[in-house]
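Before any comments, here is the structure.
It should be emphasised that the depicted structure is a prediction, and the values quoted were computed from it without experimental measurement.
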Amino acid sequence: MQVQDVDLRLLRIFVTIVESGGLSAAESRLNIGRSTISAHLSDLEIRLGVTLCKRGRSGFELTEAGRVTYQASLQLLQQCESFAATVAGSRHTLSGRVTIAIVDTLISDPRCGVAKAIAALKNKSSNLQFDIHVCEAREVETAVANGRSLVGIGVSRHHIRGLNYQPLHPETNYLYCAAGHALFDCAAKDSSKWLAQAEVVTSNYMRDKEIRNDGLNYQNSASAYHDEGIAHLILSGKFIGYLPEHYASYWVEKGLFRAIQPEKYNYQIPVVLITSKSNSSSPLAKATIEELQRCHRD
């Protein structure tokens, strides 16, 4: 088949569907309805002459042809981005799409320099487009590894081969409870009893019990993939959980959250700039990385 503009658009939609885990989950990322997404997927299958996935009540599952097409799509789209960046570099102008994958809630951290870096890049060139993808920690690394994002900013303890990780600043997390929870107003002498009974929200950022081994009850009915989800569960007054200090401060200042024995229940994890070892040499990638490094230093 001859690859045309419409095919590239359909392939981008297909990649988003796969990385979202299905058509329904891709709606918010694509900002189009499920019926339209389904029609685009059908159009792509007709263009390629293969069935890419099984979809229905049993869920979303790629066929073998779908898995091959997904990997080939990643390579093709990355090559398109590389082509655009190379041509722009030959004109000695900064142009192209700045794609940044970033973990949620960092906007509340005053040390986060993403907004300043965007402003600096815009001042350097008016020929830039920006695509900011807010996602959970593991997806940040995946987006950089498969070339969907130029750079990523997130947290990681287990590094992926082929990626570079540069620490930007440490993020301190404390254990919080909310007004209405037994721990919120209990006396210090009673806290151990209530801690033994409290249910802790588990997070997708890390395997909490394995890493911290803090003796808390992680065998519970609550989990979340994002800090906002953890905050909702804590606000219910039925769970306790770890949150970044900068993010939880909003509810602490309103008297709705309280850190539980902060000298004991805390951990630090580095916020890192994630780049690809094979896709960081273009003028656009270099400029983006340099501005993000500079703005976080400042």
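- For the residue pair T105/D227, the side-chain donor-acceptor check at 3.5 Å is satisfied.
- Here the side chain of S282 pairs a donor or acceptor atom with the backbone of A285 at under 3.5 angstrom.
- Panel note: side chain T63, backbone L52; a donor-acceptor pair is recorded below 3.5 Å.
- Evaluation of the side chain to side chain donor-acceptor pair (under 3.5 Å) rule for T275 yields no partner, not counting sequence neighbours.
- Of the listed residues (V144, V103, V140, L168), just one forms a side chain to side chain contact (heavy atoms under 4.5 Å, CB included) with I153, and that residue is L168.
- A donor-acceptor pair under 3.5 Å links the side-chain atoms of S125 to the main chain of N127, judged by distance alone.
- If you take CD1 on I17 and CG on L10, they are separated by 9.5 Å, rounding to the nearest 0.5 Å.
- Between Y176 and I240 the shortest side-chain heavy-atom distance does not fall below 4.5 Å.
- Between D104 and E136 the shortest side-chain heavy-atom distance does not fall below 4.5 Å.
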**Message:** What verdict does the side-chain hydrogen bond (donor to acceptor under 3.5 Å, both in side chains) test give for T172 and E245, after you've listed the backbone C-alpha separation in whole Å, the side-chain angles of each residue and the deciding distance to 0.1 Å?
**Reply:** CA-CA 6 Å; T172 302; E245 181 184 19; 4.9 Å; no
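- Listed here is the closest heavy atom pair of G66 and F14: O-CZ, 3.6 Å.
- One distance of note links CD1 of I234 with CZ of F239; it measures 10.5 Å at 0.5 Å rounding.
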**Message:** Using the rule given for side-chain contact (heavy atoms from CB on, under 4.5 Å), can you reason through S108 versus Y250, listing the C-alpha separation, both sets of side-chain angles and the distance that settles it, and then say yes or no?
**Reply:** CA-CA 9 Å; S108 63; Y250 172 83; over 6 Å; no
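- I32 CD1: more than 12 foreign heavy atoms inside a 6.0 Å radius.
- Scored by the side-chain contact (heavy atoms from CB on, under 4.5 Å) test, Q166 finds L273, Q293 as partners (sequence neighbours excluded).
- For E19 and Y70, the side-chain atoms include at least one donor-acceptor pair closer than 3.5 Å.
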**Request:** Check step by step if salt bridge (Lys or Arg N to Asp or Glu O under 4.0 Å) holds for E141 and R148.
**Result:** CA-CA 10 Å; E141 293 173 291; R148 188 160 57 85; over 6 Å; no
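- By the 4.5 Å heavy-atom criterion applied to side chains, I100 and H133 are not counted as neighbours.
- Annotation for A224 and L233: closest pair CB-CD1, 4.3 Å, computed over non-hydrogen atoms.
- Residues V134 and L106 are not in side-chain contact: their nearest non-hydrogen atoms beyond the backbone lie 4.5 Å or more apart.
- Contact check for R9 versus H40: side-chain heavy atoms found under the 4.5 Å cut-off.
- Around CZ of R67, the count of heavy atoms belonging to other residues, nucleotides or ligands within 6.0 Å exceeds 12.
- Considering only residues two or more places apart in sequence or on other chains, K116 meets the side chain to side chain donor-acceptor pair (under 3.5 Å) condition with none of them.
- For the pair K254/S249, no side-chain contact is recorded, criterion being any heavy-atom separation below 4.5 Å from C-beta on.
- When side chains are defined from C-beta on, C177 does not count as touching F257, because their heavy atoms never get closer than 4.5 Å.
- Hydrophobic clustering (side-chain heavy atoms under 4.5 Å, transitive across Ile, Leu, Val, Met, Phe, Trp, Tyr) keeps I118 apart from I107.
- Shortest non-hydrogen contact noted between G21 and F60 is O-CB, 3.7 Å.
- Closest approach of H159 and S156 over heavy atoms only: CD2-OG, 3.6 Å.
- In terms of the side chain to side chain donor-acceptor pair (under 3.5 Å) criterion, E253 has no residue partners (sequence neighbours excluded).
- For the salt bridge (charged side-chain N to carboxylate O under 4.0 Å, His left out) criterion with E291, the lone passing option out of K124, R297, K122, K286 is K124.
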**Request:** Before giving the answer on side-chain contact (heavy atoms from CB on, under 4.5 Å), spell out for R161 and K277 the whole-Å C-alpha distance, their side-chain angles and the decisive distance to 0.1 Å.
**Result:** CA-CA 9 Å; R161 185 180 301 175; K277 293 181 179 179; over 6 Å; no
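- Every side-chain contact (heavy atoms from CB on, under 4.5 Å) that P262 has, sequence neighbours left out, goes to Y174, A259.
- Expressed to the nearest 0.5 Å, how far CG of L243 lies from CD1 of I230 amounts to 5.5 Å.
- The local environment of CZ in F130 is crowded, with over 12 non-hydrogen atoms from other residues, nucleotides or ligands closer than 6.0 Å.
- Within the model, atoms CD1 of I274 and CG of L150 stand 13.0 Å from one another, a figure rounded to the nearest 0.5 Å.
- Few gaps surround CG on N123; more than 12 heavy atoms of other groups in view lie less than 6.0 Å from it.
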Contacts table for residues 182-199: side-chain donor-acceptor under 3.5 angstrom, sequence neighbours left out:
unit_1 : atom_1 : unit_2 : atom_2 : d
S191   : OG     : A188   : O      : 2.9
S191   : OG     : Q261   : NE2    : 3.1
E199   : OE1    : S221   : N      : 3.3

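- Under the 3.5 Å distance criterion, the side-chain polar atoms of R12 are left unmatched by any main-chain donor or acceptor of S73.
- Side-chain heavy atoms closer than 4.5 Å link hydrophobic residues (I, L, V, M, F, W, Y) into clusters, and following such links, even through other members, never connects V68 to L48.
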**Prompt:** So L30 and I13, side-chain contact (heavy atoms from CB on, under 4.5 Å) or not? Walk me through it.
**Reply:** CA-CA 7 Å; L30 292 170; I13 291 173; 3.9 Å; yes
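- Two residues are said to be in side-chain contact when any heavy atoms from C-beta on lie closer than 4.5 Å; S95 and L284 fail this criterion.
- Atom SG in C112 sits 4.5 Å away from atom NE2 in H296 (nearest 0.5 Å).
- No side-chain N or O of T16 forms a donor-acceptor pair with one of R29 less than 3.5 Å apart.
- To the nearest 0.5 Å, atoms CD (E139) and SG (C135) are separated by 4.5 Å.
- Side-chain atoms of S38 do not come within 3.5 Å of backbone N or O of R34 as any donor-acceptor pair.
- Checked by atom type, the side-chain pair E45/T51 shows no donor-acceptor distance below 3.5 Å.
- At distances below 3.5 Å, not a single donor-acceptor pair connects side-chain atoms of S20 with backbone N or O atoms of G22.
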